[in-house]
Engineer: 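Structure in structure tokens, see below.
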Amino acid sequence: MAAYWLVKSEPEVYSIDHLAAEAEQRAHWEGVRNYQARNFMRDEMKLGDGVLFYHSNTKPPGVVGTATVVRESYPDHTQFDSNSRYYDPKATPESPRWFMVDLAFAEKFPRLLSLDEMREMPGLENLPLVRRGNRLSVMPVSPAEWKAILRAARG
DNA sequence: GCCAACGTTGGC
DNA sequence: GCCAACGTTGGC
């Protein structure tokens with residue numbers, strides 16, 4: 001059975017509309033530079049998994065839609081590119097440190113489901129997103145949480 | 001723009 | 001291997 005995830009992105013950098021506008025509506029999920037988030041992508045995200053798309057650093061922050069994992073993990077090429085803001089001088093092609101998956105656009109919700117609303121919803125207490133001080137940019141979502149969020153966001 | 005939270009780095 | 005300094009995230 002497919003698993004579920006949530007990924008964060010600053011919409012000014014990369015929004016769900018950017019993803020929907022890509023060729024074939026799919027893109028590399030590059031630039032993740034946190035080990036815990038990387039491990040989820042590298043080891044656990046599987047083809048066909050569902051992904052909640054969250055807009056951070058915006059007013060208000062919240063979940064705006066969903067995507068699907070269409071390619072499992074492989075090295076993030078931006079770690080080798082000294083011109084990239086994601087360059088990592090300690091990474092080599094022989095021993096890559098950072099990984100990414102490919103995501104395809106699936107759905108844009110009729111409205112943004114805000115972080116505040118999710119904090120009020122029963123059943124999301126264990127979602128890292130709603131925890132104070134949380135900074136994880138890729139996190140697992142349980143089937144029950146997924147269902148509750150979709151129901152609330154679709155109205 | 002501020003700043004709390006927290007992950008990472010590097011000196012020892 | 002500890003931990004202070006530092007940098008980043010991300011809500012507000």
Side-chain angles (χ1 to χ4, degrees), chain A residues 3-22 27-45 49-69 73-103 105-142 144-146 148-155:
Chain A
Y4 301 108
W5 305 93
L6 179 146
V7 300
K8 295 179 184 174
S9 186
E10 297 186 27
E12 291 196 3
V13 177
Y14 197 87
S15 72
I16 194 165
D17 294 323
H18 288 116
L19 180 61
E22 298 277 5
H28 319 137
W29 202 252
E30 67 194 38
V32 172
R33 294 294 181 268
N34 166 282
Y35 287 105
Q36 203 181 349
R38 177 205 67 180
N39 293 347
F40 285 133
M41 283 204 306
R42 186 189 59 187
D43 305 333
E44 298 187 41
M45 287 180 99
D49 283 359
V51 179
L52 293 166
F53 202 111
Y54 177 86
H55 282 176
S56 67
N57 237 321
T58 187
K59 287 185 181 182
V63 170
V64 291
T66 65
T68 307
V69 177
S73 74
Y74 59 108
D76 179 341
H77 55 80
T78 62
Q79 70 193 297
F80 311 126
D81 176 1
S82 58
N83 294 319
S84 170
R85 63 173 292 209
Y86 301 123
Y87 178 57
D88 183 344
K90 292 181 181 166
T92 65
E94 295 71 33
S95 177
R97 180 181 287 202
W98 306 110
F99 291 79
M100 60 188 182
V101 298
D102 287 0
L103 299 181
F105 173 80
E107 172 185 4
K108 186 174 178 180
F109 296 139
R111 68 186 191 91
L112 175 144
L113 179 66
S114 73
L115 180 59
D116 280 348
E117 289 176 273
M118 288 188 279
R119 287 206 166 107
E120 298 297 317
M121 284 170 57
L124 301 186
E125 298 85 0
N126 294 321
L127 188 64
L129 184 75
V130 305
R131 295 259 177 95
R132 184 158 157 273
N134 166 69
R135 290 166 54 182
L136 195 57
S137 62
V138 177
M139 70 185 71
V141 174
S142 76
E145 290 163 345
W146 171 268
I149 289 169
L150 258 60
R151 177 187 302 239
R154 284 170 175 162

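A, B, ... follow the sequence lines: proteins, then strands. Residue 1 opens every chain.
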Engineer: Any luck finding a side-chain donor-acceptor pair between A:Ser114 and A:Asp116 under 3.5 Å?
Structural biologist: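 Result is no, nothing qualifies.
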Engineer: Reading DNA chain B from 5' onward, which residue's closest nucleotide shows up sooner: A:Lys90 or A:Asn34?
Structural biologist: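 Final value for this comparison: A:Asn34.
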Engineer: Identify which one of A:Ser9, A:Ser137, A:Pro61 satisfies the side-chain contact (heavy atoms from CB on, under 4.5 Å) criterion when paired with A:Tyr54.
Structural biologist: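 With A:Tyr54 as partner, side-chain contact (heavy atoms from CB on, under 4.5 Å) holds for just one option, A:Pro61.
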Engineer: Testing A:Val69, A:Leu103, A:Thr68 one by one against A:Asp49 for a side-chain contact (heavy atoms from CB on, under 4.5 Å), which residue passes?
Structural biologist: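 Only match with A:Asp49 under side-chain contact (heavy atoms from CB on, under 4.5 Å): A:Val69.
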Engineer: Taking CZ in A:Arg151 as the centre, count heavy atoms belonging to other residues, nucleotides or ligands within less than 6.0 Å. Is the count above 12?
Structural biologist: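 It does not: A:Arg151 CZ has 12 such atoms or fewer within range.
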Engineer: Would you mind listing every salt bridge (Lys or Arg N to Asp or Glu O under 4.0 Å) that reaches into residues 84-95 of chain A, with sequence neighbours excluded?
Structural biologist: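 Those involving residues 84-95 of chain A are A:Asp88-A:Arg97.
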Engineer: Can you check each nucleotide of nucleotides 7-12 of chain C against protein heavy atoms at under 4.0 Å and return B for base, S for sugar-phosphate only, - for none, in 5' to 3' order?
Structural biologist: BBSBBS
